[in-house]
Amino acid sequence: MRIKEAAARLGLSPRAIRFYEEKGLIAPAKERSSQYRTFDEDDVRRLQTIVALREAGLGIDDIQKALPAGGKDDGGAAGEVARHLELRRSEMVSAWVELKRMIETVDGMLAMLASEQALPTDAMFRLAQEARDVRELRSSWQDVWDYDGLAETHDDRVAESSGEYTAYAEALGLIVSWIAAAPGEEGLDLGTGTGNLAGMLLRQGAKMAGVDQSLAMLQRCRAKFPEIETKVGNLLAIPYTAGKFDFVVSSFALQHLSAGQLRLALEEMLRVLKPRGRICIADLMTSGDRVREQLAEAFPGHKPLAALAELSGYFERRGYVVKIRRIHGLLHVVYAVPIR
DNA sequence: ATTCTAACA
DNA sequence: TGTTAGGA
C-alpha cells in the first residue's frame with residue numbers, strides 16, 4: 001500500500017509518516033521509478049507500535065532508542081520498550097508533582113488576592129520565592145551516585161563489608177520487627193535498591209511496593225522478588241497516589257538528600273501514607289545539624305546526612321511518637337507511629 | 001489524483 | 001508536525 005492508505009489506517013498524516021522515516025524510525029521500500037513509498041504489513045506493525053508509544057508520551061528520539069534500529073521488529077525488543085516506558089512514567093510523575101505544587105501556589109496567590117484590595121506584591125513574591133526554592137530542590141536531585149552502574153555488584157558489596165554487614169542486617173531486622181507487618185498490609189520501601197528490606201517485609205506477609213531511582217537496581221529486585229511491585233521514581237515525587245500505604249520504610253536512601261530535600265521527602269512519605277500509617281527509617285544520622293554540617297565539610301564529596309533531631313522533631317510536630325535506636329556508628333533506626 | 005522533496009511556520 | 005510550493 002502507499003502512504004495515503006497507510007496513514008488512514010494508522011490515523012496519521014502522510015507527513016507524519018515521512019517525518020518518522022526522516023528520523024529513522026521506519027524504512028519503507030520505495031518504488032524504483034516513482035520513488036513512491038510502499039508499506040507492507042511489517043511496516044504497518046512497526047508504525048502501530050510507534051503510534052502507541054507516541055500516545056504514551058514518548059518523544060521521537062525516545063522511540064528511536066526504544067525500538068531496535070533494524071527495519072523490522074524482532075522478539076527481544078519488549079525489554080527496551082518497557083525500560084523507556086518506565087523512565088517516561090517516572091518523568092510524568094515528577095511533572096505531575098510539579099503541577100500540583102504550582103496549583104497550590106496559584107491557590108495561595110488567589111487567597112491573598114481575595115482578601116486584599118491592592119496587589120499584595122510582597123506576599124506574592126515571597127510565595128513565589130518559596131515555590132521556586134522547592135522546585136529547584138526537586139530538580140537538583142540527580143543520580144549522583146550512578147546506581148545503575150553499581151547495581152550488578154550491590155549485593156556483593158553489602159555482603160563483603162563484613163564489619164558493617166552485621167550492622168546492616170541488624171538495622172533491617174529491627175525495621176522488620178518494629179513495623180511488625182500484619183498479613184495483607186501494604187508497605188512501601190523507598191530507595192529499595194535490590195529489594196533486601198522489602199523482601200524481608202514480604203516474608204512477614206506484607207504486600208510490598210518498592211521505589212528506586214535506578215531501573216538497573218529494580219531489575220535485580222524483580223529477579224529476586226517477583227512479588228514486589230517496583231516503580232522507577234525518586235523520593236521527592238513518590239510515584240503513588242495519596243493514602244495508599246499502611247507503612248513506609250527506607251534504608252540507606254535518605255542519606256543522599258540535602259536537608260531541604262529531606263523535608264520534601266518526608267512530606268511525600270506522609271502523603272502516600274494512610275492516616276494511621278507508620279514510618280521506619282534506617283540510615284546514617286547525626287545528632288544534630290551542627291555535627292551534620294561539620295561532617296559535610298569534612299567529606300565534601302558526600303551529601304549532608306540526616307539529623308536525628310530534625311527527623312524526630314518533624315514527626316513529633318505532626319502527632320507521631322518517635323522511637324530511636326542507635327545500631328552502630330552513625331547508623332540509627334527511627335520509628336514513627338501516630339498517637340492513637 | 002497522488003506522491004515527493006524542500007523550506008518555512 | 002502542519003503547510004505550501006513546484007514538479008513528476
Side-chain angles (χ1 to χ4, degrees), chain A residues 1-107 109 128 131-132 134-143 148 211 213-216 218-219 230-234 236-241:
Chain A
M1 83 190 78
R2 303 215 280 220
I3 197 167
K4 192 181 181 187
E5 188 185 346
R9 223 168 116 179
L10 290 152
L12 293 169
S13 63
R15 174 67 176 102
I17 294 183
R18 293 193 193 100
F19 182 68
Y20 295 157
E21 178 186 346
E22 186 187 327
K23 292 298 176 187
L25 266 43
I26 54 173
K30 295 190 179 179
E31 284 174 22
R32 283 277 175 213
S33 53
S34 64
Q35 286 294 289
Y36 285 7
R37 277 161 260 255
T38 310
F39 298 84
D40 59 25
E41 288 310 309
D42 282 335
D43 291 322
V44 173
R45 249 169 295 183
R46 189 168 173 93
L47 279 167
Q48 281 177 324
T49 79
I50 292 172
V51 169
L53 293 179
R54 284 252 59 202
E55 194 57 31
L58 288 193
I60 302 296
D61 46 339
D62 289 325
I63 299 178
Q64 158 102 260
K65 291 175 206 147
L67 259 32
K72 313 298 176 192
D73 290 320
D74 47 82
E80 264 305 274
V81 172
R83 200 173 71 83
H84 281 82
L85 281 176
E86 290 192 69
L87 256 38
R88 173 67 191 150
R89 184 183 194 286
S90 149
E91 289 167 10
M92 282 171 24
V93 171
S94 295
W96 159 252
V97 172
E98 277 309 312
L99 264 183
K100 213 182 65 177
R101 277 275 165 194
M102 244 181 261
I103 292 173
E104 284 166 11
T105 303
V106 169
D107 284 344
M109 289 180 178
R132 174 195 286 179
V134 168
R135 185 161 44 80
E136 282 172 358
L137 275 178
R138 277 223 167 72
S139 60
S140 65
W141 165 246
Q142 304 297 336
D143 185 7
D148 275 350
V211 170
Q213 236 252 341
S214 157
L215 179 61
L218 289 182
Q219 285 167 338
T230 55
K231 285 189 199 290
V232 177
N234 73 62
L236 309 185
I238 299 176
Y240 282 98
T241 53

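Residue numbering restarts at 1 for every chain, and letters A, B, ... go by the order of the sequence lines.
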K.L.:
Under 4.0 Å from OP1 or OP2 of C:dT1: is there any side-chain N or O of A:Ser13 that close?
P.N.:
no
K.L.:
Measure from the side chain of A:Lys4, starting at C-beta and using heavy atoms only, and say which of B:dT5, C:dT1, B:dT2 lies closest.
P.N.:
B:dT2
K.L.:
Would you mind telling me which of B:dT5, B:dT3, C:dT1 lies closest to the side-chain atoms of A:Ile3?
P.N.:
B:dT3
K.L.:
How close do A:Pro239 and A:Val232 get, heavy atom to heavy atom, and via which atoms?
P.N.:
CG-O, 4.0 Å
K.L.:
Got a list of protein N/O to nucleotides 7-9 of chain B N/O distances below 3.5 Å?
P.N.:
none

K.L.:
Which residues pass the side-chain hydrogen bond (donor to acceptor under 3.5 Å, both in side chains) test with A:Thr38, not counting sequence neighbours?
P.N.:
none
K.L.:
Taking side-chain hydrogen bond (donor to acceptor under 3.5 Å, both in side chains) as the test, write out the residues that go with A:Arg9, two or more places apart.
P.N.:
A:Glu41
K.L.:
Could you state the CG-P distance from A:Leu10 to C:dT1, rounded to the nearest angstrom?
P.N.:
12 Å
K.L.:
Would you mind classifying the nucleic acid contact of A:Lys30 as base, sugar-phosphate or nothing, using non-hydrogen atoms under 4.0 angstrom?
P.N.:
sugar-phosphate
K.L.:
Without decimals, in angstroms, what is the distance between A:Glu5 CD and B:dA1 C1'?
P.N.:
15 Å
K.L.:
If you count heavy atoms of other groups shown closer than 6.0 angstrom to CD of A:Glu31, is the number above 12?
P.N.:
yes
K.L.:
Under 4.0 Å between a side-chain N or O of A:Arg2 and OP1 or OP2 of B:dT2?
P.N.:
no
K.L.:
Expressed as a whole number of angstroms, how long is the span from A:Leu47:CG to C:dT1:P?
P.N.:
11 Å
K.L.:
What closest approach, in Å, do A:Ala56 and A:Met92 show between heavy atoms, and which atom pair accounts for it?
P.N.:
O-SD, 3.9 Å
K.L.:
Looking at residues at least two apart in the chain, or sitting in another chain, which of them share a salt bridge (Lys or Arg N to Asp or Glu O under 4.0 Å) with A:Glu21?
P.N.:
A:Lys30, A:Arg37
K.L.:
Is A:Arg2 reaching over with its side chain to a backbone N or O of A:Ala6, donor-acceptor style, under 3.5 angstrom?
P.N.:
no
K.L.:
Pairs counted only when both distances fall under 3.5 Å, Watson-Crick or G-U: show me the 5' to 3' dot-bracket for DNA chain B, [ ] for pseudoknotted crossings and | for other-strand partners.
P.N.:
.|.||||||
K.L.:
The criterion is salt bridge (Lys or Arg N to Asp or Glu O under 4.0 Å); which residues satisfy it with A:Arg101, sequence neighbours excluded?
P.N.:
A:Glu267
K.L.:
Calculate the interatomic distance between A:Ile17 atom CD1 and C:dT1 atom P; express it in whole Å.
P.N.:
11 Å
K.L.:
Of all the choices, C:dT1, B:dT3, C:dG2, which nucleotide is nearest to the side chain of A:Arg54 once you look at every atom?
P.N.:
C:dT1
K.L.:
Whether A:Glu80 and A:Arg83 form a salt bridge (side-chain N of Lys/Arg under 4.0 Å from carboxylate O of Asp/Glu) is what I want to check.
P.N.:
yes
K.L.:
For the side chain of A:Arg37, starting at C-beta, report the closest nucleotide among B:dT5, B:dT2, C:dT1.
P.N.:
B:dT5
K.L.:
Judged by each residue's nearest nucleotide on DNA chain C, which is more toward the 5′ side, A:Tyr36 or A:Ile60?
P.N.:
A:Ile60
K.L.:
How long is the line joining CD of A:Gln35 and P of B:dT2, in whole Å?
P.N.:
20 Å
K.L.:
Rounded to the nearest angstrom, tell me the gap between atom OH in A:Tyr20 and atom C1' in C:dG2.
P.N.:
13 Å
K.L.:
Counting distance only, does the side-chain N/O of A:Arg46 pair as donor-acceptor with the main-chain N or O of A:Ile26 below 3.5 Å?
P.N.:
no
K.L.:
How many Å lie between CZ on A:Arg18 and C1' on C:dT3, as a whole number?
P.N.:
12 Å
